[in-house]
Amino acid sequence: MSKVSSRTRRGLNKLADEVKQVVLSVHISCNYRLHQKQQEAKEHSGGMGRLFVQSLEGKIYSCKHCRTHLALCEDIVSKSFHSRHGKAYLFSKVVNVTSGEKEERLMMTGLHTVADIFCVGCGSIVGWKYETAHEKSQKYKEGKSVLERVKMSGPDGSNYWVSHEAQVGSSDADDV
């Protein structure tokens, strides 16, 4: 083992302390943002402090973070959707979510009015809901919700992870 000078050792220790501070800062920032999302979810659900969660039976997709039930396998309309994090599924019905503000988004299949949807259990964004499709061929999406696969656990408890192929930016698909 080679000798390391005390000056080099002090420099490495100082660098290690700086890295620890950055990691702590990022951890605090992420926890703060999670807390904000939880507060938003409470506000969207009426903010009364009492949370009513619907339990589903059958093959269930649930929130990856808190295991709150979100949708049933039988309510999948399409598995051919994509989000900035990878695969996403279009569902005819989802439960235990609250909607954010409606906004216009230009997606791969045209302009849509959508609202992000949040898990009522932990406040995490789990996908979006199509409010309005501005193109005739996309009207079938109205009232339906997209859940990002990376944000939920599958019926068998499996999780998906962000792939390197995931695109950045708004997206969806029309391969139904």
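Under the 4.5 Å side-chain contact rule for hydrophobic residues, V77 and F81 share a cluster. Note on I60 and V95: same hydrophobic cluster, where clusters join Ile, Leu, Val, Met, Phe, Trp and Tyr whose side-chain heavy atoms are under 4.5 Å apart, directly or indirectly. Both L147 and I76 sit in one connected hydrophobic cluster of ILVMFWY residues. Membership requires side-chain heavy atoms under 4.5 Å apart, directly or through other members. Residues M107 and L90 are members of one and the same hydrophobic cluster, defined by side-chain heavy-atom contacts under 4.5 angstrom among Ile, Leu, Val, Met, Phe, Trp and Tyr.
Of the residues listed (E104, E103, K102), the one engaging T113 in a side chain to side chain donor-acceptor pair (under 3.5 Å) is E104, and it is the only one. Residue K129 is tested with V97, I117, V94 for a side-chain contact (heavy atoms from CB on, under 4.5 Å); the sole match is I117.
Under a 3.5 Å cut-off, the side chain of K151 and the backbone N or O of I125 do form a donor-acceptor pair. With hydrogens and angles ignored, the 3.5 Å screen pairs a side-chain donor or acceptor of N96 with a backbone N or O of Q54. Under the 3.5 Å distance criterion, the side-chain polar atoms of K93 are left unmatched by any main-chain donor or acceptor of A71. No donor-acceptor pair closer than 3.5 Å links the side chain of S124 to the backbone N or O of V126. K144 places a side-chain N or O within donor-acceptor distance of the main-chain N or O of Y140, the cut-off being under 3.5 Å.
Counted within 6.0 Å of NZ on K139, heavy atoms from surrounding residues, nucleotides or ligands total more than 12; the atom is thus considered enclosed.
In terms of heavy atoms, E142 sits closest to A133 at OE2-N, 2.9 Å. Pairing each heavy atom of G110 with each of E135, the nearest pair is CA-OE2, 3.5 Å. The minimum heavy-atom distance linking A88 with E148 is given by the pair CB-CA, 4.1 Å. Residues L70 and C63 come closest through the heavy atom pair CD1-N, 3.6 Å. Minimum interatomic distance between K59 and P155 (heavy atoms only, all atoms of both residues): CB-CB, 3.8 Å. The two residues R67 and S62 make their nearest non-hydrogen contact at O-CB, 3.6 Å.
A donor-acceptor pair shorter than 3.5 Å can be found between the side chains of H112 and T109.
Between K64 and V150, some side-chain heavy-atom pair lies under the 4.5 Å cut-off. Contact check for H69 versus Y61: no side-chain heavy atoms found under the 4.5 Å cut-off.
A salt bridge is defined here as a Lys NZ or Arg NE, NH1 or NH2 lying under 4.0 Å from an Asp or Glu carboxylate O, and R105 with D116 meets this definition.
Ring geometry, Y130 versus W128: the interplanar angle exceeds 60°, so the pair is classed perpendicular (tilted spans 30 to 60°).
To the nearest 0.5 Å, atoms CD (E74) and CG (L56) are separated by 9.0 Å.
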